[in-house]
Amino acid sequence: MENKVIYEKDLNLEATELRLGLPGTKKPEKQAPPSLKTSNKRALPDMNEESGSGNNSSVSDDGKSDRETAPAPKAQVVGWPPVRSFRKSCFQPKKTEAEEGRVYLKVSMDGAPYLRKIDLKVYKGYPELLKALEEMFKFSVGQYSEREGYNGSEYAPTYEDKDGDWMLVGDVPWDMFISSCKRLRIMKGSEARGLGCFL
Amino acid sequence: MPEPEVDTRRREIAGVLTGEFQSPSPDQVLENVLENVLLFLTSRRDRNAVSLVCKSWYRAEALTRSDLFIGNCYAVSPRRAIERFRRVRSVVLKGKPRFADFNLMPPNWGAYFTPWVTAMATSYPWLEKVYLKRMFVTDRDLELLAQSFPAFKELVLVCCDGFGTSGLAGIASKCRQLRVLDLIEDEVADDEVDWISCFPESGTCLESLIFDCIECPINFEALERLVARSPSLRKLRLNRYVSIGQLYRLMIRAPQLTHLGSGSFSSSDIVAQGDQEPDYISAFAACRSLVCLSGFREIIPDYLPAIYPVCANLTSLNFSYANINTEQLKSVICHCHKLQIFWVLDSVCDEGLQAVAATCKELRELRVFPIDAREDSEGPVSEVGLQAISEGCRKLQSILYFCQRMTNAAVIAMSKNCSDLVVFRLCIMGRHRPDHITGEPMDEGFGAIVMNCKKLTRLAISGLLTDKAFSYIGKYGKLVRTLSVAFAGDSDMGLKYVLEGCPKLQKLEIRDSPFGDAALRSGLHHYYNMRFLWMSSCRLSRQGCEEIARAMPGLVVEVIRNENEEDKDGFEILYMYRSLERPRIDAPEFVTIL
């Protein structure tokens, strides 16, 4: 889609960037993995994936048109079933958090007797995340470079991605990292160095 | 003894000592005797009867009533209440009608605590207890309360809103005699005030601290210190920001607890690898007096075995926030032989309810909530669970059951097996759903309930229902005081049957049912005996409501528009109630009082 807006002077790569989305919109929204998006799938036994805001919508005939579940669900009526909103909202927490983008992950460090859980969404990028990890586990990551990994430290922060592979933290763009990271492990010693040299 | 009586007694004794004692007249003696006798009368219904005997009994009763109960804050003004009852120690005030809980009432409708607390501040200096339900309470109200009543002991707020943690800070710091601070299902604003730290440093008289509804973090270290300096604490219900590790630390400081709300029952961000998790089982085992357990807001089921040691003593267990399955429930419930009150999520399925039925022979109250509260959700419980409960829990008195499928047969079975039922509330979540096996309306089931359960006072109906169901209710529901109707009935006859047949009816809430002005008229003989009538999305017209307002000057007839409604004559809700006062002046723009 061509961007019809012409920016003056310098080559504005953003303006000519090929991407999905209407002209004038910002960076395309991260395509969140299906489990995090408001999904049309049938709810799993323990998780609700449907939007739970139905109890606040007014009566309408067409209901939510993006629902794919068959049979076509009824439009949600205000105040029905008669369950207090507080209760209703308690069991969309996983989904709600996911909608808000919270991503809770376990972080372990080789040699440390405890795990931590962190919310990746709190951090805006790698520097913040690494700093937080350093403070949490009282170590230093050293200097990161694409070619050599983490220099000056016997630790290397790694993560397990969706495919089960262990990767070095920092190798992929931040957004891709957040969406594919399943857990974090701060490796120590030769294993860490090995990973760094992998690249 | 209350203060004024002591003074009178002192004067009498003083009179005897100085020889100035004069024999009281026979009337005065009678009044004194009456007052002293009436001190023992606590039931408000008995007291109401007493007050009707004659003028002097009315006066004596008014002077000796210490517990004031006001079921509808708009039925009487603060001034009138205070003028009649001068020596009140405890006040119960109820505000909004129950359907407001489900977003049916626009916000800012009313039920303000402010005029009450302002009037009581000057007139009830010895006030000790305040219990509010569905009232709008501000931080300033709480501040005024804390400042005005030096003997204040108990604050219980249920389903209230309008205040935040800053109001709580005022209560905590200024009410030095505070024994009870119970916040139940309130909406509490997060003012980022550390109210837990505001309790007196030197020690408290706290017996009950309930804050499980507060949706913001608390200062845990301060809470730990508070528990340590509150030796009388028996009831503690934590919010979901308290982890299981923190719970442990509190429990070992307070093994004397009888009521515990366990917070999140999940680990915080620090999870020990290896042996470093505390011995939760011992902590529970040390609480030998624990009879009531709740919480489990974000439960990690692996931790469930921690509660095994207390199960045998539990009389009340609230799992209604615990997302657990059948097997997980079974592992717990098999120990709970003494259980009388049980709240649970339908995630435990029919089989879980069967396990409850097999063990909990003393069960009096059951509530089954839906984990997925939508009309078209899967619905893991059904008539199977209800039938099992009816067969196993013969002493059942109160049930609230959400489901997607039900049969008349199961409801009829319950009506016969559980003859002690006082409260029967069945919510079939899909609107207009018939008996899913026979395809028939649910009339016969509910009919059997009113017919066979002779003690029934509260009923909520659902599913596909014709006027027949209402004819049964009118014919047999002679003790019914509260009736809740939704998406039911065929014609005006339905409502007529009920209004003409149920002499004890006090609270009637109806939504989305085809009842019109003629039906409304049929209750004219009874509306003064009722606390309120709510009808929303029915077939009423404004003229119909105006007619009622004209015919009954002692009723306040409110018609409430949807806030977005353009048509000034259209309305969504009729809410009417008896009142001794002129209509309220605090009504918002979308409320018209006819």
Side-chain angles (χ1 to χ4, degrees), chain A residues 42-59 63-64 67 69-95 97 104-119 122 132 136-137 185, chain B residues 98-105 159 185-187 213 215 240 267-276 297-298 320-321 323-325 345 347 349 369-378 380 400 402-404 425 427-432 460 462 484 486-487 509 511-512 536-537 562 564 572:
Chain A
R42 197 159 225 359
L44 297 175
D46 284 351
M47 275 172 60
N48 292 312
E49 292 184 12
E50 292 283 2
S51 163
S53 60
N55 64 307
N56 280 325
S57 60
S58 41
V59 181
K64 295 214 163 113
R67 293 241 170 100
T69 51
K74 289 184 185 172
Q76 301 294 335
V77 170
V78 179
W80 187 262
V83 175
R84 290 170 54 86
S85 0
F86 179 75
R87 267 192 196 283
K88 275 188 187 174
S89 65
C90 278
F91 296 102
Q92 291 123 15
K94 288 187 178 66
K95 176 208 57 70
E97 279 176 13
Y104 280 111
L105 291 178
K106 288 190 186 163
V107 188
S108 62
M109 180 159 96
D110 291 352
Y114 52 85
L115 296 177
R116 308 271 323 223
K117 264 166 48 184
I118 59 168
D119 174 9
V122 163
M136 229 182 261
F137 291 98
R185 176 179 160 205
Chain B
R98 198 178 71 96
F99 273 4
D101 288 354
F102 314 122
N103 302 326
L104 287 177
M105 180 82 102
C159 299
E185 297 191 37
D186 305 304
E187 249 187 69
C213 62
E215 285 291 287
R240 65 180 179 89
S267 45
S268 64
D269 55 354
I270 301 179
V271 173
Q273 277 177 346
D275 308 343
Q276 290 188 13
R297 290 301 178 99
E298 287 160 4
S320 67
Y321 291 98
N323 188 351
I324 55 175
N325 61 28
L345 283 174
S347 58
C349 304
F369 292 95
I371 195 168
D372 184 2
R374 289 171 305 132
E375 277 192 77
D376 44 348
S377 62
E378 196 49 49
L400 169 62
F402 284 86
C403 60
Q404 292 287 12
R425 299 158 68 193
C427 182
I428 303 169
M429 290 192 279
R431 289 170 284 155
H432 310 297
S462 61
S484 195
F487 306 102
E509 43 189 36
R511 64 168 294 182
D512 295 277
S536 59
S537 306
N562 217 320
N564 304 322
E572 277 297 310

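Every chain is numbered from 1 and lettered A, B, ... according to where its sequence line falls, protein lines coming before strand lines.
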So for B/E187, is it side chain, backbone, both, or neither that comes closer than 4.5 Å to the heavy atoms of chain A?
neither
Which region of B/L345, side chain (C-beta onward) or backbone (N, CA, C, O), has a non-hydrogen atom less than 4.5 Å from a non-hydrogen atom of chain A, or is it both or neither?
side chain
B/S537 portion near chain A, given a 4.5 angstrom heavy-atom threshold:
neither
Identify, with sequence neighbours excluded, every residue that meets side-chain contact (heavy atoms from CB on, under 4.5 Å) alongside B/S484.
B/R98, B/F99, B/A460, B/E509
Smallest heavy-atom separation, B/E375 atom then A/P81 atom, equals N-CD, 4.4 Å
Is it true that a side-chain atom of A/R87 and a backbone atom of B/A373 form a donor plus acceptor pair closer than 3.5 Å?
no
Report yes or no: does A/W80 contribute a side-chain atom to a donor-acceptor pair with the main-chain N or O of B/G430 at less than 3.5 Å?
no
Tell me the closest heavy-atom pair linking A/V78 and B/N103, and the distance in Å.
CG1-O, 3.7 Å
About how many Å separate CZ of A/F86 and SG of B/C159, when rounded to the nearest 0.5 Å?
11.0 Å
Using every non-hydrogen atom in the two residues, find where A/P82 and B/F402 come nearest and quote the distance to one decimal.
O-CZ, 3.5 Å
